[in-house]
Chemist: 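Below is the structure I would like to discuss, written out as structure tokens.
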Amino acid sequence: MARYAVFASGNGGNFEALVEGLRGRHDCVVLVHDRRTAFAAERSRRLGVPTRYVRYAEKPRELAESEIEDELLRLRVDAIALAGFMRLLSPAFVALHAGRILNVHPSLLPAWPGSHSIARAFQAGERRFGVTVHLVDEGMDTGPILSQEAFVTDGSASLEEIEKRVHDIEHRIYPREASLFLDRLDASRRKA
Ligand code: GAR
């Protein structure tokens, strides 16, 4: 059983899908959130996952990350799953956890990285939507892709309908990919 942390900034739908989907296989040992009012923190209380709020304002990013790092070390975290964490991790932090940070993104990367991806794609008249699960490198929503799932609309769907469909896919494929990833991590540890 691997020990993973989830980093989130907002609603926490993917956080909850991960905890529910991986329950009994891998252990979510902390939710790290950077917004005090993140609904994800409320979900974590309901799910029984400890939370750690890390304030980023008025200090260098590296200082906030060193607080996170202390917590990850204390909890002996094996891997990190970003779930709507709307901050770019520093190259040093990424290097420290190289190959052990996952992310889910609501587009078919490399198309539409960044925030508000679904709305921006919709407004641009895009017809192909989807979800990407990938390993995190130093870039914004970049790094080796583990899985993608796409769908095409006929142009009649509303933004809300498309968003719902994208989020449904996220909640299905992120736990699946995270579980496979953590299984592999566990297996490689057993061999070492
Ligand atoms: C999700 O759609 C996730 O893919 C996206 O934020 C949303 C968070 O929702 N992440 C990004 O855009 C990362 N660049 P949630 O808080 O309900 O999981």
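Owing to the predicted nature of the structure, the values given are computational and were not obtained by experimental measurement. Atom set for the values below is all heavy atoms of this structure, side chains included, hydrogens, waters and symmetry mates excluded. For ligands, and for the atoms within them, numbers begin at 1 and follow the listed sequence.
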Chemist: Using 4.0 Å as the upper bound for N to carboxylate O, is an ion pair formed by Arg46 and Glu16?
Modeler: yes

Chemist: Give, for atom CZ of Arg100 and atom CG of Leu182, the distance between the pair rounded to the nearest 0.5 Å.
Modeler: 10.0 Å

Chemist: Take atom CZ in Arg128; do more than 12 heavy atoms of anything else shown fall under 6.0 Å from it?
Modeler: no

Chemist: Is any NZ, NE, NH1 or NH2 atom of the basic residue among Glu58 and Arg55 found under 4.0 Å from an Asp or Glu carboxylate oxygen of the other?
Modeler: yes

Chemist: Looking at Glu161 and Lys164, is there a salt bridge between them, counting it only when a charged N and a carboxylate O are closer than 4.0 Å?
Modeler: no

Chemist: Taking NZ, NE, NH1 and NH2 as the nitrogens, is one of them in Arg120 or Glu126 under 4.0 Å from a carboxylate oxygen of the other?
Modeler: no

Chemist: Can you pull the residues with any heavy atom under 4.0 Å from ligand 1?
Modeler: Asn11, Gly12, Gly13, Asn14, Gly84, Met86, Val104, His105, Pro106, Gly114, Asp141, His167, Glu170

